[in-house]
Amino acid sequence: MTKASDQKYRARIAGTGSYLPKKLLSNEDLIKLIENTQTTDAWIHERTGIRNRHVAADDQVTTDLALEAAKIALKESNIKPTDLDAILFATISPDQTMPSASCVLQRKLGARDCMALDLSAACSGFVYSLAVAGDFIANGSYKNILVIGAEILTRFVNYKDRDTCILFGDGAGAFVVTRSSDNEPSKIYSHHLHADGYISDVFELPMGGSAYPFTHENIDKGLHYMNMKGREIFKHAIRTMSQCCGEALEHNKMSGQEIDWVIPHQANVRIVEGVAKHFDISMDKVISIIENMGNTSAATIPIAFDTAIRDGRIKRGHHCLLAAFGAGVTSGSILLRY
Ligand code: UT7
């Protein structure tokens with residue numbers, strides 16, 4: 001990664017926004033959808049920390065959720081859609097395969113001639129996108145970038161698969177990243193990103209690409225649903241998130257105690273607790289909103305971050321450590337001063 005000293009400019013988070021669809025699916029409601037299972041609210045809550053997840057309305061698409069989050073983030077940043085130089089959209093559930101969600105959002109927002117890119121790194125997608133945005137700003141390519149994490153994953157959930165269906169929900173989060181002036185303390189310090197495609201079979205959504213085209217046969221096999229090896233992902237998640245957080249702390253010569261807030265990917269509260277324990281960080285310093293949101297993949301980190309700004313926990317000047325892992329498998333961390 002580029003050293004901070006080599007960077008021309010500094011990138012800062014100018015504003016954030018988030019949106020969760022109104023409809024809530026509780027564990028009790030979900031259990032009624034799962035056939036032949038011993039699943040209980042107690043099991044789901046104990047093993048994942050989740051009680052409710054939000055579900056998009058039938059007429060909502062992923063860019064609708066993103067639009068709501070983006071409007072708030074732009075307003076908070078005092079930036080007009082026409083001021084945007086770039087839109088980076090992290091998602092694995094775009095409205096369509098083509099055109100990109102970022103181009104659809106550009107139109108819905110009324111942004112003008114700007115660069116628009118979708119980034120597919122599953123649950124690490126927002127951290128990857130924020131890293132790209134930070135470097136675009138730092139090297140002088142762009143001044144104002146909208147970074148989105150948005151998903152409607154409930155449309156790819158098999159409600160016969162009790163391992164997977166209990167976890168996922170829908171939502172969107174947005175950051176506006178801008179060039180900061182020298183006297184502003186707010187800054188993205190570093191990013192550490194990783195991928196390990198050798199174990200990509202632990203979490204897949206096979207259909208829709210060239211390997212498994214849209215055929216009745218593939219649908220009959222259930223290849224249009226997400227499938228995962230939960231226990232394997234669990235172990236991998238704690239290991240890689242701990243690795244990325246360790247790299248961030250070491251690179252910036254900081255200890256876990258100097259971090260004001262850890263904002264981890266919200267996949268399972270036990271994963272988050274495992275990472276916090278690894279760094280001897282109290283759970284009081286960890287933003288966890290999984291109980292009433294579930295796993296919204298690329299959207300969990302910006303939604304959690306925005307929620308904690310609004311409830312007064314994250315304040316300007318605080319040091320924040322973002323950490324994610326996801327299908328691919330991908331992982332990454334970002335250390336920033338808000
Ligand atoms: O963003 C990345 C996306 N994916 C993830 O983050 C997934 C990470 N993994 C997890 O969150 C957890 O592995 C799960 C929540 C998926 C499963 O929890 P676990 O504590 O790892 O359970 P397990 O897979 O070790 O299964 C324990 C038992 C098994 O029964 P036996 O073999 O011990 O008799 C499962 O069959 O629990 C059973 N089980 C369930 N029981 C009731 C699995 N799912 C359920 C369920 N209800 N929904």
Side-chain angles (χ1 to χ4, degrees), residues 25-53 90-93 119-129 149-154 156-171 173 194-197 199-206 225-242 244 263-276 288-291 293-304 322-333:
L25 184 69
S26 67
N27 288 344
E28 278 89 359
D29 294 338
L30 179 78
I31 290 160
K32 290 178 202 146
L33 303 174
I34 313 174
E35 292 167 17
N36 308 321
T37 184
Q38 304 305 311
T39 307
T40 59
D41 169 53
W43 192 95
I44 300 173
H45 191 252
E46 191 189 308
R47 297 292 225 190
T48 69
I50 300 169
R51 283 215 194 276
N52 297 293
R53 64 287 289 145
T91 188
I92 48 164
S93 52
L119 199 149
S120 171
C123 304
S124 310
F126 189 81
V127 163
Y128 264 60
S129 299
E151 308 278 10
I152 299 190
L153 282 178
T154 55
F156 304 93
V157 156
N158 179 358
Y159 288 102
K160 287 185 183 144
D161 175 3
R162 65 178 188 173
D163 249 21
T164 311
C165 74
I166 55 173
L167 295 174
F168 295 97
D170 305 331
H194 297 277
D196 183 355
I199 49 167
S200 56
D201 64 337
V202 294
F203 191 17
E204 294 180 320
L205 173 50
Y225 292 129
M226 293 184 284
N227 70 66
M228 64 172 200
K229 296 178 182 151
R231 212 177 298 189
E232 280 184 47
I233 303 176
F234 191 97
K235 281 187 282 185
H236 181 78
I238 297 188
R239 186 175 56 77
T240 56
M241 278 170 65
S242 300
C244 296
I263 303 96
H265 169 47
Q266 322 264 312
N268 182 323
V269 77
R270 290 187 295 134
I271 294 175
V272 173
E273 286 166 354
V275 176
S288 174
I289 60 164
I290 193 168
E291 185 166 36
M293 180 176 73
N295 181 350
T296 56
S297 188
T300 68
I301 288 180
I303 296 173
L322 283 51
F325 72 94
V329 295
T330 54
S331 55
S333 67

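One-based numbering, in listed order, for ligands and for the atoms of each. Small disclaimer: the values here were computed from a predicted structure and weren't measured. Heavy atoms only: backbone and side chains are in, while hydrogens, waters and symmetry mates are out. Along the sequence shown, residues carry numbers from 1.
Taken from CG in L30 to CZ in R162, the straight-line distance is 12.5 Å, to the nearest 0.5 Å.
Nearest to atom 25 (O) of ligand 1 by heavy atom, out of K229, H265, R231, is R231. Considering F325, F203, W43, F168 only, the shortest heavy-atom separation from atom 22 (O) of ligand 1 involves W43. Within the set R162, E232, Q266, the minimum heavy-atom distance to atom 38 (C) of ligand 1 is found for R162. Taking each of M228, K235, R47 in turn, the one with a heavy atom nearest to atom 16 (C) of ligand 1 proves to be M228.
Under the 3.5 Å distance criterion, the side-chain polar atoms of T300 are left unmatched by any main-chain donor or acceptor of T296. Put simply, the side chain of D163 never gets that close to the backbone of K229: no donor and acceptor are under 3.5 Å apart. One N or O on the side chain of S124 and one on the backbone of G326 form a donor-acceptor pair closer than 3.5 Å. Remark: side-chain polar atoms of T39 are not paired, donor with acceptor, to backbone N or O of I31 under 3.5 angstrom. Looking at E46, its side chain never comes within 3.5 Å of a backbone N or O of I44 through a donor-acceptor pair. Using a distance-only test at 3.5 Å, with no hydrogens or angles considered, a donor-acceptor pair links the side chain of D170 to the main chain of T154. In this structure a side-chain-to-backbone donor-acceptor pair under 3.5 Å is present from T40 to W43.
Scanning the protein heavy atoms around atom 19 (P) of ligand 1, the nearest turns out to be R270 NH2, 3.6 Å. Protein heavy atom in closest approach to atom 9 (N) of ligand 1: G230 O, 3.0 Å. Summary of contacts: the protein heavy atom closest to atom 43 (C) of ligand 1 is D163 OD1, 3.0 Å.
Protein heavy atoms come within 4.0 Å of atom 6 (O) of ligand 1. Protein heavy atoms are absent from the space less than 4.0 angstrom from atom 29 (C) of ligand 1. Per-atom contact check: atom 32 (O) of ligand 1 does not touch the protein, criterion being a heavy-atom distance below 4.0 Å. Under the 4.0 Å distance rule, the nearest protein heavy atom to atom 3 (C) of ligand 1 falls inside the cut-off.
Of the heavy atoms in T48, only side-chain atoms (C-beta onward) come closer than 4.0 Å to ligand 1. Only the side chain of N295 comes within 4.0 Å of ligand 1, judged by heavy-atom distances. Using a 4.0 Å cut-off between heavy atoms, N268 contacts ligand 1 through its side chain alone, with no backbone atom that close.
Taking every non-hydrogen atom of C123 and a distance limit under 4.0 Å, the qualifying atoms of ligand 1 come out as 1 (O), 2 (C). The atoms of ligand 1 that sit less than 4.0 Å from any heavy atom of A267 are 1 (O), 6 (O).
Under the salt bridge (charged side-chain N to carboxylate O under 4.0 Å, His left out) criterion, D41 pairs with R51, not counting sequence neighbours.
Taking any N or O of T39, backbone or side chain, at least one lies under 3.5 Å from an N or O belonging to ligand 1.
Side-chain contact between M226 and N158 is absent, with no heavy-atom pair separated by less than 4.5 Å. Proximity of M228 to L167: side-chain heavy atoms (C-beta onward) are separated by under 4.5 Å at one or more points.
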